[in-house]
Amino acid sequence: MDENSAKEALVGRVLGWYQKHRRLLPWRGEQDPYRVLLSEVLLQQTRAAQAIPYYHRFLARFPTLEALAQATEEEVLWVWQGCGYYTRARNLHRLARQVSAIPSSYAELRRLPGLGPYTAAAVASIAFGEPVAAVDGNVRRVLARLWAWEQPKGGLVRAKAEELMREALRRAPPGEWNQALIELGALVCTPRRPECKRCPAVQFCQGREAPERYPRPQVRKQQPQEMVALVLQGPAGFHLEKRPGGVLGGLWGVPMEEEPGGLERLLARFGLKQAQKVGEVRHEFTHRRLLVRVYQAPWEGGENPGLRPLSRLDRKVLELAGARL
DNA sequence: TTCCCGGAAT
DNA sequence: ATTCCGGGAA
């Protein structure tokens, strides 16, 4: 079999598999650009299962781009709370205020805040039928295994993805093909323990004998970090403050400081002599492993934390201190 | 518990 | 190159 007929067969097998095995996700088959864009932003760094409830909540609260533009940033974060990567929500809100309609080409989409190469390509292909390859982590992994690339350069992956897209165009719309490749990576060609037995493309796969070698997992250094949180409780609830930019930017939470000296600085800030330790909370970011020692003290003020957008971290801290959320 | 995964902005 | 988050698998 020559190279071209192999490529044709590969594309056909993947498309056939996709038609039979794709999940029935709420945004599948969706053509409305606003909804497609929302789903793709939600799917950045987030599994489909986790994105689903947020997709429904978001659309229930902001059914259109206009409705989103009318909202305040805090209302948007309120719906997004718990989903992580809150810059996505802030960018979505900015985007809604920048444009009156979702632009229809990859080049224009790429200029919107929060849309990088992947998301712009996904929206352009799914909502507008533009034949551009959407390369996410799934596609990168699938292609790396098919051609046994241990450390694939971005340009190489992109070139191969575009080549396959040109072939797929003969058989399916661009958005269908992109989603087929992504779905294969999500369901079968998974990062760990891929199910090659179920793979429609295994006969074309040069990495099938050792799939977990391709692509080589990236090393990341995770620094342990110790923090102190001070939960100030009063008759009306808890003292909360809005976090500035950076970590958990825009969300609300309890006062926190880095160790060492964190507790002393917190006590000084609030004019307190002492606080009572209530326990510890562990929380992980990509690059940091947090250990938060939680202290508690009485306070005059306070508010109901159930009315503010909170991160998982602050939720854990408040629950440890007895808050009901 | 620990380990590991993932797009965009800067 | 580094910074953002949370959840699922091992």
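Each chain gets a letter, A, B and so on, in the order its sequence line appears, and its residues count up from 1. Atoms considered below: every heavy atom in the structure, side chains included; atoms not considered: hydrogens, waters and symmetry mates. Since the structure is predicted, the reported quantities are computational estimates derived from the model, not experimental observations.
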Salt bridge flag under 4.0 Å for residues A:Glu176 and A:Arg22: yes
What does A:Arg141 touch in the nucleic acid at a heavy-atom separation under 4.0 angstrom: a base, only the sugar-phosphate, or nothing? sugar-phosphate
Salt bridge or not between A:Arg192 and A:Glu212? Use side-chain N to carboxylate O under 4.0 Å. no
Starting from P on C:dA9, measure out to CD on A:Gln50 and report it in whole angstrom. 13 Å
Contact class for A:Arg193 vs. all strands (heavy atom < 4.0 Å): base, sugar-phosphate, or nothing? sugar-phosphate
Quick one: does A:Lys316's side chain have a donor or acceptor within less than 3.5 Å of a partner on A:Arg282's backbone? yes
Within the 4.0 Å heavy-atom criterion, would you say A:Val41 contacts the bases, only the backbone, or no part of the nucleic acid? nothing
Please check if any side-chain donor atom of A:Glu8 sits under 3.5 Å from a side-chain acceptor atom of A:Ser5, or the reverse. no
d(CZ, A:Arg315; C1', C:dC5) in whole Å: 14 Å
Without decimals, in angstroms, what is the distance between A:Leu313 CG and C:dC5 P? 10 Å
Calculate the interatomic distance between A:Glu212 atom CD and B:dC4 atom P; express it in whole Å. 11 Å
A:Tyr86 atom OH is separated from B:dG7 atom P, nearest whole Å, by 18 Å
Considering all heavy atoms of both residues, which atom of A:Phe270 and which atom of A:Pro255 are nearest to each other, and what is their separation? CZ-CG, 3.6 Å
Base, sugar-phosphate alone, or nothing: which one does A:Arg90 contact when heavy atoms must sit under 4.0 Å apart? nothing
Would the number of heavy atoms belonging to other residues, nucleotides or ligands and lying under 6.0 Å from CD of A:Glu150 be above 12? yes
Identify all pairs in which a protein N or O lies below 3.5 Å from an N or O of nucleotides 8-10 of chain B, and state each distance.
unit_1	atom_1	unit_2	atom_2	d
B:dA8	OP1	A:Gly116	N	2.7
B:dA8	OP1	A:Gly116	O	3.3
B:dA8	OP1	A:Thr119	N	2.8
B:dA8	OP1	A:Thr119	OG1	2.4
B:dA8	OP2	A:Pro117	N	3.2
B:dA8	OP2	A:Tyr118	N	3.0
B:dA8	O5'	A:Gly116	N	3.3
B:dA9	OP1	A:Gly114	N	2.5

SB check A:Arg111 A:Glu108 (cutoff 4.0 Å): no
Given atom CG of A:Leu290 and atom C1' of C:dG6, what is their separation to the nearest angstrom? 13 Å
Look at A:Tyr85 and C:dT3 and indicate whether a side-chain polar atom (N or O) is within less than 4.0 Å of OP1 or OP2. no
Once you apply a heavy-atom cut-off of 4.0 Å, does A:Thr46 come out as touching a base, just sugar-phosphate, or nothing? nothing
Quick one: A:Arg289 CZ to B:dT2 C1', roughly how many Å, whole number? 7 Å
Considering residues at least two apart in sequence or located in another chain, which fulfil the side-chain contact (heavy atoms from CB on, under 4.5 Å) criterion with A:Leu263? A:Val228, A:Leu267, A:Tyr295
Rounded to whole Å, the CZ-C1' distance (A:Arg216 to B:dC4) equals 17 Å
How about A:Gln81 and A:Arg308: does a side-chain donor come under 3.5 Å of a side-chain acceptor? no
So which of residues 175-190 of chain A are in contact with DNA chain B, with a heavy-atom cut-off of under 4.0 Å? none
Neighbours of DNA chain C within residues 148-159 of chain A, by heavy-atom distance under 4.0 Å: none
If you compare every side-chain N and O of A:Arg288 against the phosphate oxygens of C:dC4 (OP1, OP2), does one of them come in below 4.0 Å? yes
Quick check on C:dG6: is either OP1 or OP2 less than 4.0 Å from any side-chain nitrogen or oxygen of A:His283? yes
Grab the two heavy atoms, one from A:Arg145 and one from A:Pro191, that are nearest each other, plus how far apart they are. NH2-O, 3.0 Å
Provide the full list of salt bridge (charged side-chain N to carboxylate O under 4.0 Å, His left out) pairs with a residue in residues 87-106 of chain A, sequence neighbours left out, each pair given once. none
Below 4.0 angstrom from OP1 or OP2 of B:dC4, is there any side-chain N or O of A:Arg192? no
Partners passing ring pair (Phe, Tyr, Trp, His ring centres under 6.0 Å) against A:Phe285 (at least two apart in sequence or in another chain): A:His283
Taking the six-membered ring for Trp, is the centroid-to-centroid distance between A:Phe58 and A:Tyr54 below 6.0 Å? no
May I ask you to say what A:Asp136 touches in the nucleic acid, namely base, sugar-phosphate or nothing, with a heavy-atom cut-off under 4.0 Å? sugar-phosphate
